[in-house]
Structure formats: C-alpha cells, structure tokens
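See below for the structure under consideration.
Just so it is clear, the structure is predicted and the values come from calculations on it, not from any experiment. Note that ligands are numbered from 1 as they come in the structure, with each ligand's atoms numbered from 1 the same way.
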Amino acid sequence: MHNLLQMSPESRAAFEELKEREAPKLAQRFAPRDADLFWVRAERYFQDLREPLVQLYGERPDFADYFNAIFDTAVEGYLARPHPLRLLDLERQITPDWFERPNMVGYVFYPQLYAGSLADVRQHVDYLQELGVTYLHIMSLLRPRPGKNDGGYAIMDYRSVDPELGDMETFQALAADLRERGIAVCVDLVLNHTALEHEWAQRAIAGELDYLEYYHVFADRALPDVYEQTLTEIFPDEAPGSFTFYPEMTGGGQWVWTTFYSYQWDLNYTNPAVFREMLEIMFFLANQGVDVLRLDAAPFLWKRLGTDCQNQSEVFLLIQAYRALLRIAMPGVILKAEAIVPPDALFRYIGVKTTVGKQCELAYNNQHMVNLWNGLATREATLMTKAMERAPRLLVGSAPINYIRNHDDIGWAMANEDLQAIGADPWAHRQFLNNFYTGQFPGSFARGAFFQFNPRTGDARICGMTASLAGLEIALEQDDGAAIDLAIRRILMMHAVIMARGGIPLLYMGDEIGMLNNYDYLNHPDQAGDSRWLQRPRMDWEKAARRHDLHSVEGRVFSGICKLVETRKSHPVFHNFALFQQFNHDNHQVLAFARKRHDGDLLVIANFDEHPQSVEANLTGRAGLTGHIRNLLAGHGTLDQVVGGRYYLEAYQVLWLVGED
Ligand code: GLC
Ligand code: GLC
C-alpha cells in the first residue's frame with residue numbers, strides 16, 4: 001500500500017510523528033483491527049488533509065500545535081464513534097456509490113412543521129417510506145436563539161436539540177430508526193455563523209480576546225466600508241449591510257461581520273481554532289447518527305478585500321481538509337454544499353479536474369432548479385439546454401442534489417452569457433421572471449411573492465410553493481378543471497426531470513400532495529418580514545389523507561410522483577454515474593438529454609409547453625439507444641407516439657426512453 005500513496009517527504013515525516021504519538025491512545029481503547037483501520041485511512045488521506053491546512057495556516061508559528069490538535073480531534077471522533085456507525089462506515093467504504101444509486105430519493109422538512117416534536121416525526125416515518133424516501137434532510141434541528149432565528153439558522157448550541165423538538169437521545173433514537181429503515185439522515189451544519197447568543201459570541205462581547213478572534217470584529221467603519229464596496233447584500237430589505245454595530249462591546253462598541261441577519265455572526269476561518277471547533281461539532285453530530293452534513297452558506301466562509309467574499313479559493317481548502325478528516329475518522333459520513341452561486345462556481349463544490357474526490361460529495365444543483373422555473377415561464381427548454389453545456393459530463397464520486405423548491409428563495413442565478421446566447425437581455429429577462437412568478441405578467445399562471453426586493457438595484461428573488469408557482473392555486477380558486485390539469489402536469493413534469501437528471505432528487509415537504517402557499521406567516525411578527533415563510537407551511541395531514549383518492553388533486557400528484565420514484569428505483573440507468581449529453585434539436589419547447597452507462601442508456605424528452613409538441617424521433621439514434629425503444633413512463637407495451645419520424649408529446653409530457661434487446 002505504501003508505495004501507492006503519494007506523500008511528500010514532509011507529510012510522511014509528519015504522519016510518522018503523529019502516528020507514534022497517537023497510536024498508544026487508540027491501541028489502549030480499541031482492538032488492534034479497529035486501530036489498524038484508522039491508520040490505513042489516515043495514511044491514505046493524510047496528504048489531502050495536511051496540504052490545505054499548510055496552505056491555510058502554515059505560516060503561523062503555532063501551526064504544528066494546531067495541526068496536532070486537529071488530528072487529535074479526529075482520533076477522539078473515531079474513538080467516540082458508536083459500534084453500529086463504525087460498521088456503517090465499513091459498509092459504505094465497500095459501497096462508495098451508496099448515495100449515487102437509483103434508490104436514493106430525498107425529502108426535506110422542518111420537523112416542527114412536518115409533525116411537531118422528533119417523537120412525533122417517528123410516528124410519521126411510514127409516510128416517508130410509502131413515498132420511497134431514502135434520504136431525509138431534517139432542518140432546524142439544533143438549539144436556535146430565542147425569538148427570530150432565520151428559520152433555525154441562528155444556532156446558540158450545536159450540541160443540543162431545539163428543546164421544542166426533544167433532546168439528543170430522542171434524535172439518536174429517531175436516527176437509529178431511520179437507519180434501520182434504510183433512510184440516511186442529513187442535518188444542517190451552520191458553519192458560517194453562530195447566533196449572537198452562542199457562548200463564543202457572548203465571550204467575545206465580554207471582551208475575551210480568544211473569542212474576539214472567533215469572529216470578524218472591527219473597532220470602526222474603516223474596513224467595513226471598504227469591504228462593502230464589493231459585497232452583495234443577502235437580505236437587503238430586512239437586514240441591509242453586512243456589518244452590525246454592537247454598542248455593548250469594548251471600546252465604546254464594535255462592528256461585527258453579519259452577512260445574513262444582524263444576530264448571525266460570521267465565524268473567522270483564518271483562525272485555526274475555529275476550524276477545529278467546527279470539526280469537533282461535525283464529529284459530534286455524525287456520532288449521533290447523522291449521515292450527511294449540509295454545509296450551510298458554504299461560499300461565505302472566507303473573506304477577501306476587494307471581492308464579493310464568496311467562493312474564495314480558501315473555501316475549497318477548508319472543505320478539502322474537512323472531507324479528509326471525515327474520511328479518516330468516519331468515512332460513512334459525507335458533505336453537501338449549500339452554495340447557491342452561478343454555474344462555474346457551483347461545480348467547484350463537488351470537485352472538478354484536479355479536485356475530483358476532494359470536495360463535497362453532494363451539492364444543490366440550483367442552476368437546474370432555476371432553469372426549470374425559467375422553462376415553465378418561457379415554455380422553452382433552450383436556456384436549460386444551454387446551461388447543460390456547462391455541467392460536467394461525468395461526475396466521479398460526487399452527485400448533484402436536484403430539486404424544484406426548498407425553504408429558500410429562487411434567485412435567478414443563471415449565467416448571463418447563457419441568457420445572451422439564447423438572445424435574451426439578462427436584466428430584462430430577470431424582470432420578466434420576477435413579474436411572471438409574482439403573477440403580474442399578463443396571463444401568468446403563477447402565484448408567488450418577491451423576496452428581498454432591493455429598491456436601489458431593482459433586484460428581487462421569488463418565493464412560493466411549487467404548486468402555487470405552477471398554477472394550481474389560481475386554478476383551484478377559479479375551479480377551472482383544465483387549468484388544474486395543466487398545473488398538475490407541470491408539477492409532475494418537473495419531478496420527472498429531476499428524478500432522471502442524476503444525483504439525488506429531493507422532494508420538498510408538501511409538494512408531493514400539491515400543497516399551496518402558506519399565507520399564515522403574515523400573522524406571525526417573527527416571520528412576517530421574510531416571505532420565504534410562504535413556502536414553509538405546516539404539513540396538511542388532512543390533504544395527505546386524500547393521497548389514495550386518484551380523483552383528488554392530492555391523489556393525482558402523489559400517485560404521479562410515486563410512479564416516478566418506483567420507476568427510477570427499478571432501473572440501473574438512473575444511477576448517478578453516467579455520461580451526460582444534452583441535445584439541440586428542432587423544437588425549442590422540448591428538452592432532450594441522455595444519460596449513458598455500461599448497463600444501459602436513458603433518453604429523457606420533456607415538453608415544457610401546454611400545447612402538444614413533437615420532436616425528431618432520430619434523437620434515440622443520436623443518443624445511442626438501440627433495440628426496441630420503450631418509454632418507462634408509459635403503462636406498458638411499445639411507444640406509440642412515433643408518427644412520420646417524430647415523437648408526439650402531450651402538454652408537459654415526459655418520456656423516459658430506453659432501448660431493449
Ligand atoms: C442558508 C439557509 C437559509 C439561511 C442562510 C443563513 O442559505 O438555507 O435559510 O437564511 O443559510 O444561515
Ligand atoms: C444565501 C441565502 C439564500 C439565498 C442565497 C442566494 O445562500 O441564504 O436564502 O437563496 O443566498 O441569494
């Protein structure tokens with residue numbers, strides 16, 4: 001094994017030294033085989049770990065101490081890992097594509113809104129299984145600050161569960177239960193910022209030097225003013241600016257970096273103590289039974305004067321080091337980047353070129369999400385096809401999370417060049433989308449709301465539930481059967497596309513039964529200023545109870561999604577590891593892409609229009625499909641839409657075509 005590993009002489013020396021120091025600790029507490037496992041992995045990932053840390057912190061005189069402390073944290077994390085989870089690590093090491101398989105189907109919710117407490121969630125796991133869920137993102141799990149807390153993303157204690165939900169033991173029990181049923185658990189690691197009520201921030205406020213260095217704190221506006229010249233405001237409407245003045249801090253008050261709300265203090269990752277603290281928290285959460293850590297607001301972790309302080313190269317070094325540490329101590333645990341950024345930045349979070357295998361295993365494919373909504377509004381697939389040209393053809397060991405909606409806004413982060421390439425003016429086009437999804441554009445079927453409208457720049461983003469944005473809310477209000485039918489078709493079309501796009505398709509709670517916008521948030525002062533609550537309804541179990549009635553809206557959406565899930569699960573061609581290819585062809589209303597594997601090819605054709613459309617049938621040939629062509633989404637039998645060399649598609653129809661011998 002040794003000579004397979006490329007370690008620099010410095011790393012080799014550092015490794016041998018650390019091994020000598022830490023080996024007795026492991027040998028004392030673990031059987032030889034368990035200790036060996038750790039060392040085999042440590043050796044394998046040592047260079048991946050040490051290199052980025054040297055680049056980040058190597059100039060410091062105390063670097064060696066920090067490095068040793070970080071490595072020791074990994075040893076402790078492994079020692080604390082419960083036996084069933086160590087077994088899971090092994091299982092996943094021999095099945096490293098576990099999160100890429102066709103059976104992966106995700107679901108995300110706020111437990112409070114889905115069921116109540118964690119104990120209540122346990123009562124509703126059957127529902128998830130009925131849907132075929134194998135990956136569950138439980139948002140807002142940890143103890144938030146009291147009062148306004150950005151939907152749980154302002155945490156005051158990373159080691160305890162929100163008391164309204166239960167405690168850590170209840171969470172462990174839930175996670176064990178889910179594990180037994182084959183459902184992986186994802187939770188948020190809010191690593192960019194803590195709540196101002198967090199102990200570290202409180203100690204900084206009290207003037208403790210060590211803790212002041214955990215954050216970005218400034219005595220006056222000099223630097224903040226310079227930074228703000230190039231920063232974009234994230235919440236311009238409710239929380240303008242990126243710094244907040246805290247008068248109670250020493251020296252007559254200080255300015256603290258707060259990218260998001262003023263009560264969310266950005267952590268300072270130039271300080272290796274912060275890196276190590278967050279590592280300990282990661283290991284702690286993973287050892288409770290968390291499989292996937294969602295790196296919240298990942299792009300913001302490193303600040304650099306004169307930039308927008310997003311996607312800085314150091315962010316990727318931090319991620320690389322964290323990943324290597326997980327691979328060493330608990331390789332069953334993976335990372336997911338929440339990086340809602342333009343396309344070229346996005347793919348760096350899952351590793352491209354030289355960073356393949358060194359970044360997050362998962363990342364939200366916000367590009368695809370935005371392009372789906374763009375396609376619905378314009379009835380054209382051209383922008384999506386254009387954007388697909390930028391996406392990697394093949395991902396090795398990492399996967400996108402493909403989704404339609406989540407708890408956040410839709411920001412039109414498509415590439416300007418792509419818009420220009422299809423002849424659209426980027427500014428005017430974004431205005432059109434905003435008007436369309438707030439229902440102001442004549443004839444729009446959508447009902448949504450602005451998020452963080454910025455009167456200075458005219459920028460805005462969009463909020464709303466999938467069903468409302470797709471036309472169901474207006475159609476139901478007008479009791480218009482044909483419009484209801486179209487809205488349901490739009491919902492199912494988008495789901496059919498994300499299920500076939502590779503990676504993990506992620507369902508947002510309530511979408512599977514066509515739940516509409518939640519206007520109740522306006523009655524809650526803590527929520528009223530943040531329109532993202534429009535898409536954060538309480539789960540409607542009465543509606544869910546109608547899911548088996550195939551004449552109800554709920555039943556039509558639910559059964560449609562279940563069919564997609566079942567089909568996806570039963571064909572290897574939906575595995576993430578596939579060569580991707582998009583097609584230009586003669587109909588702008590229709591999307592066509594293929595996924596090619598050694599065990600079969602898939603051609604997806606989707607009509608983005610409410611009118612029937614047709615495309616050249618030789619797409620199957622271009623995609624390399626051979627033999628008898630079958631549409632997996634047709635009941636059974638052969639494909640009957642081919643007439644005169646063309647496929648005919650109904651409104652919003654999707655074909656999943658495979659060639660069979
Ligand atoms: C992420 C969360 C969002 C939150 C922000 C700040 O983007 O998804 O809800 O407001 O981080 O924590
Ligand atoms: C941040 C915010 C999120 C928003 C995104 C893009 O990640 O937390 O709500 O969608 O930025 O603006």
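- The F235 neighbourhood of ligand 1 comprises atoms 10 (O), with distances under 4.0 Å to a heavy atom of that residue.
- Residues D408 and R536 are paired through a salt bridge, judged by an N-O separation under 4.0 Å between the basic side chain and the carboxylate.
- The contact set between ligand 1 and H193, taken as ligand atoms under 4.0 Å from a residue heavy atom, comprises 6 (C), 12 (O).
- Distances below 4.0 Å separate heavy atoms of H407 from the following atoms of ligand 1: 2 (C), 3 (C), 8 (O), 9 (O).
- Under the 4.5 Å side-chain criterion, counting only non-hydrogen atoms from C-beta, V105 is not in contact with Y135.
- What you find for R348 and D344 is that their closest heavy atoms are CG-O, 3.7 Å.
- Short contacts between ligand 1 and R532, defined as distances under 4.0 Å to a heavy atom of the residue, involve ligand atoms 3 (C), 4 (C), 9 (O), 10 (O).
- Contact record, M414 with Q367: CA-OE1, 3.6 Å, taken as the closest heavy-atom pair.
- Heavy atoms of M139 stay at 4.0 angstrom or farther from ligand 1.
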Stepwise side chain to side chain contact (heavy atoms under 4.5 Å, CB included) test for R405 and L469: CA-CA 10 Å; R405 286 300 293 119; L469 295 176; 3.9 Å; yes
